[in-house]
Amino acid sequence: MSSKRELIISKIRDGVVIDHIPTGRALLVLRLLGISGREGFRVALVMNVESRKLGTKDIVKIEGRELTKDELNLVALVAPTATVNIIRDYEVVSKFKVAIPDVIEGLLKCKNPRCITNQQREPVRSRFRVLSREPLKLVCDYCGTIHELNDIERYFGLT
Ligand SMILES: [Zn+2]
């Protein structure tokens, strides 16, 4: 690790470091974790840094926060190359790559307003199957509507 890199990535005590995020997706990752900056977590956002694997990458560090399985699945959808480091007492206690699951349940809304999952009378938990990982394509299990990365960005208010 070069000293230049250590300057950018200072250590956190307890929390999570999401590394190897595709360039330009760090804000989307924060958004889908529901982090706006007003929650009081210390957050570091590093964008467009050099990466041997990806050319350039983004990094998100959140102090005092861990990720649920659902949140990891969402991160995987928009940042399939991401590596997650769990930090406790300044040490990396766990490090793993995210993986896009085959089915995404209850995390995203179908964009088809007539879909049964969007009816107020009988709310049905949304369910999407992953058709393709690169490029990302999800299909609603109820109405067959295809969703791509830009639909997810729109859902989280980024377009
Ligand atoms: Zn649908």
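For ligands, and for the atoms within them, numbers begin at 1 and follow the listed sequence. Along the sequence shown, residues are numbered consecutively beginning with 1.
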What residues, two or more places apart in sequence or in another chain, satisfy salt bridge (Lys or Arg N to Asp or Glu O under 4.0 Å) together with K137?
->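 Salt bridge (Lys or Arg N to Asp or Glu O under 4.0 Å) check on K137 returns E148.
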Under the salt bridge (Lys or Arg N to Asp or Glu O under 4.0 Å) rule, collect the residues that match up with K109, sequence neighbours excluded.
->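 Scan of K109 (salt bridge (Lys or Arg N to Asp or Glu O under 4.0 Å), adjacent residues dropped) gives none.
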Straight-line distance of L108 CG to H147 NE2, nearest 0.5 Å |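 So the gap between those two atoms works out to 8.0 Å.
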Please round to the nearest 0.5 Å and tell me the distance separating atom CZ of R25 and atom NZ of K57.
->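 So the CZ of R25 and the NZ of K57 are separated by 15.5 Å.
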Shell of protein N/O/S atoms around the Zn ion (ligand 1), taken as anything under 2.8 Å |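 For the Zn ion (ligand 1), the protein N, O and S atoms that sit under 2.8 Å away are C110 SG, C115 SG, C140 SG, C143 SG.
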Side-chain donor-acceptor distances from residues 31-43 under 3.5 Å, at least two apart:
residue, atom, partner, partner atom, Å
R31, NH1, F156, O, 3.0
R31, NH1, G157, O, 3.4
S36, OG, R38, N, 3.2
S36, OG, E39, OE2, 3.1
E39, OE1, S36, N, 3.0
E39, OE1, G37, N, 3.0
E39, OE2, S36, N, 3.2
R42, NH2, E63, OE1, 3.1

Answer yes when R133 and D102 have at least one side-chain N-carboxylate O distance shorter than 4.0 Å, and no when they do not.
->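 The answer is yes: the pair qualifies as a salt bridge.
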